[in-house]
Peer 1: 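Dropping the structure in here first, questions after.
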Amino acid sequence: MASLDPTNWQNPLGQAMCGRYQFVADQKDVADHFGLVGDLPALQPRYNVAPTQVVVVVGLKPDGQQRGLALLRWGLIPRWAKEPGKHPPINARAETLLEKPTFRDSFKQRRCLVPATGFYEWEKVGRRKAPHHFRLAGGGLMAFAGLWDVWAGPDGAKLATCCVVTVPANRLVEPLHDRMPAVLAREDFAAWLDPTTPVCDLQALLRPYPAEGMEALVVGPAVNNVRNDGPECLAPAA
DNA sequence: CCAGACGTTGTT
DNA sequence: GTCTGG
DNA sequence: CCAGACGTTGTT
DNA sequence: GTCTGG
């Protein structure tokens, strides 16, 4: 087993699960869906969001009431880390959020919603990798359960990061992977964001989204390369 | 007491 | 094979 | 998650 | 910061 020194977050065994997603939505729909008020920054269509990139999240503003958008780097660096590693965790297992020092405080105090319109999983076909796109049936906005933290370097420079909570895969995703992002229903947004929600209530929200409410598409290999970030990522497989 | 770790999924 | 970059 | 690099000295 | 291992 390789070193687990947080200054060297290597992953010698493999990669994390929910490692690529899509967020393509109109500003107005995002505002409506997430209950955002006031001016929003322009939302670039993102067909291929990858780890280490800056992502859009929804959180409570400092007043603790209104919701707002924030830009956080995907890959959680806890505030106590001595150095930000190169590959911080992009996912956090729902079952162990309270046990893991890396996630526990963020789970209790710093939760967010990660807006998305789908996520990708890869099927190994020989030595090829065939991406599949998972989304809500008929499309539409999803919200992944997210955690965040702010790390400060010795020079005071701040680095705000986040990760996506995972749960066991539902029947639709299970053929490809045994984990999937925790997708929160709209009626659960308030409880997830509320810093006073009891932990057991939060845990009850972290369950596989029903397969009946989702659909899958087999897409071409464009999404494999992070340089591709346009509609070609959804082109059907040849 | 101090030192050192602190993570995920997937593959074997 | 393993690590970095996106 | 996948793709792509993986090295040196010396020259532009 | 907090926990485990020695």
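Note on naming: letters A, B, ... go to the chains in the order of the sequence lines (proteins, then strands), and numbering restarts at 1 for each one.
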Peer 1: Check the surroundings of atom CG in A/D39: do more than 12 heavy atoms from other residues, nucleotides or ligands lie under 6.0 Å from it?
Peer 2: no

Peer 1: Check every atom of B/dT8, C/dG5, D/dA3 against the side chain of A/K86 and return the nucleotide holding the closest atom.
Peer 2: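 Among B/dT8, C/dG5, D/dA3, the one nearest the side chain of A/K86 is C/dG5.
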
Peer 1: Out of B/dT9, E/dG1, D/dA3, which has the shortest distance to the side chain of A/R93?
Peer 2: B/dT9

Peer 1: Does a side-chain N or O from A/T52 land closer than 4.0 Å to OP1 or OP2 of C/dT4, or not?
Peer 2: no

Peer 1: Where the side chain of A/N91 is defined as all heavy atoms beyond and including C-beta, which of D/dG4, B/dT8, E/dG1 is the nearest nucleotide?
Peer 2: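 Nearest listed nucleotide: B/dT8.
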
Peer 1: Assign A/Y21 to base, sugar-phosphate, or nothing according to its heavy-atom contacts below 4.0 angstrom with the strands shown.
Peer 2: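 It contacts nothing in the nucleic acid.
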
Peer 1: Quickly work out the A/W122 CH2 to B/dT11 P distance and round it to whole Å.
Peer 2: 13 Å

Peer 1: Would you kindly give the CZ-to-C1' distance between A/F119 and D/dC2, to the nearest whole Å?
Peer 2: 17 Å

Peer 1: How long is the line joining CD of A/Q53 and C1' of C/dT4, in whole Å?
Peer 2: 14 Å

Peer 1: So, A/W122 and A/N224: side-chain donor and acceptor under 3.5 Å apart, yes or no?
Peer 2: yes

Peer 1: Tell me whether the side-chain N/O atoms of A/N224 come closer than 4.0 Å to OP1 or OP2 in D/dA3.
Peer 2: yes

Peer 1: Does B/dT8 have OP1 or OP2 sitting under 4.0 Å from an N or O in the side chain of A/T166?
Peer 2: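 Looking at the OP1 and OP2 atoms of B/dT8, neither is under 4.0 Å from any side-chain N or O of A/T166.
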
Peer 1: Which is true for A/R79 with a 4.0 Å heavy-atom rule: it touches a base, it touches only sugar-phosphate, or it touches nothing?
Peer 2: nothing

Peer 1: Using whole Å, what does the distance between atom C1' of nucleotide E/dC3 and atom CD of A/E99 come to?
Peer 2: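 Nearest whole value for this atom pair: 12 Å.
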
Peer 1: Check A/M142 against A/T117 and note the closest heavy-atom contact, atom names and distance.
Peer 2: SD-C, 4.1 Å

Peer 1: Within less than 4.0 Å of OP1 or OP2 of D/dC2, is there a side-chain N or O belonging to A/R20?
Peer 2: no

Peer 1: Expressed as a whole number of angstroms, how long is the span from A/K82:NZ to E/dG1:P?
Peer 2: 11 Å

Peer 1: Using the side-chain heavy atoms of A/A50, tell me which of these nucleotides is nearest: C/dG6, D/dA3, B/dT8.
Peer 2: C/dG6

Peer 1: Would you kindly give the CH2-to-C1' distance between A/W80 and B/dG4, to the nearest whole Å?
Peer 2: 11 Å

Peer 1: Taking only N and O in the side chain of A/R179, is any of them less than 4.0 Å away from OP1 or OP2 of B/dT9?
Peer 2: yes

Peer 1: Decide, yes or no, whether a salt bridge links A/E121 with A/K129 under the criterion of side-chain N to carboxylate O below 4.0 Å.
Peer 2: no

Peer 1: For DNA chain B, what string of dots and brackets results from 5' to 3' when Watson-Crick and G-U pairs need both distances under 3.5 Å, crossing pairs get [ ], and pairs with another strand get |?
Peer 2: ||||||......

Peer 1: Measure from the side-chain heavy atoms of A/N225 and tell me the nearest of D/dG4, D/dC2, B/dT8.
Peer 2: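 Shortest atom-to-atom distance from the side chain points to D/dG4.
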
Peer 1: Answer yes or no: does a side-chain N or O of A/N228 lie under 4.0 Å from OP1 or OP2 of D/dA3?
Peer 2: no

Peer 1: Could you label the plane-to-plane angle of the A/W192 and A/F107 rings as parallel, tilted or perpendicular, counting under 30° as parallel and over 60° as perpendicular?
Peer 2: tilted

Peer 1: Can you classify the ring geometry of A/H133 versus A/Y120 as parallel (below 30°), tilted (30 to 60°) or perpendicular (above 60°)?
Peer 2: tilted

Peer 1: Distance check, P atoms only: B/dT9 and D/dC2, in whole angstrom units.
Peer 2: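 Straight-line distance between the two P atoms is 14 Å.
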
Peer 1: Check for me whether the distance between the ring centres of A/Y21 and A/F144 falls short of 6.0 Å.
Peer 2: yes

Peer 1: With C1' as the reference atom in both, quote the distance from D/dG7 to C/dT4 in angstrom, rounded to an integer.
Peer 2: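 Those two atoms are separated by 16 Å.
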
Peer 1: Under 4.0 Å, heavy atoms only, any strand: does A/S106 hit a base, just the sugar-phosphate, or nothing?
Peer 2: nothing

Peer 1: Please name the pair of heavy atoms, one in A/P181 and one in A/V167, separated by the smallest distance, quoted to 0.1 Å.
Peer 2: O-CG2, 4.0 Å

Peer 1: Cut-off 3.5 Å, side chains only: do A/R46 and A/Q53 have a donor facing an acceptor?
Peer 2: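 Indeed, the side chains of A/R46 and A/Q53 share at least one donor-acceptor pair under 3.5 Å.
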
Peer 1: Measuring from the side chain of A/R104 (C-beta onward, heavy atoms only), which nucleotide among D/dA3, B/dT9, E/dT2 has the closest atom?
Peer 2: E/dT2

Peer 1: Quick one: is A/R227 getting a side-chain N or O under 4.0 Å of the D/dG4 phosphate, OP1 or OP2?
Peer 2: yes

Peer 1: Report the distance from atom CD of A/E174 to atom P of B/dT9, rounded to the nearest whole Å.
Peer 2: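 So the CD-P distance, A/E174 to B/dT9, works out to 15 Å.
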
Peer 1: According to a strict under-4.0 Å criterion, is A/K124 in side-chain N/O contact with OP1 or OP2 of B/dT11?
Peer 2: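 For B/dT11, OP1 or OP2 has a side-chain N or O of A/K124 closer than 4.0 Å.
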
Peer 1: A/E121 CD to B/dT9 C1': how many Å, rounded?
Peer 2: 10 Å

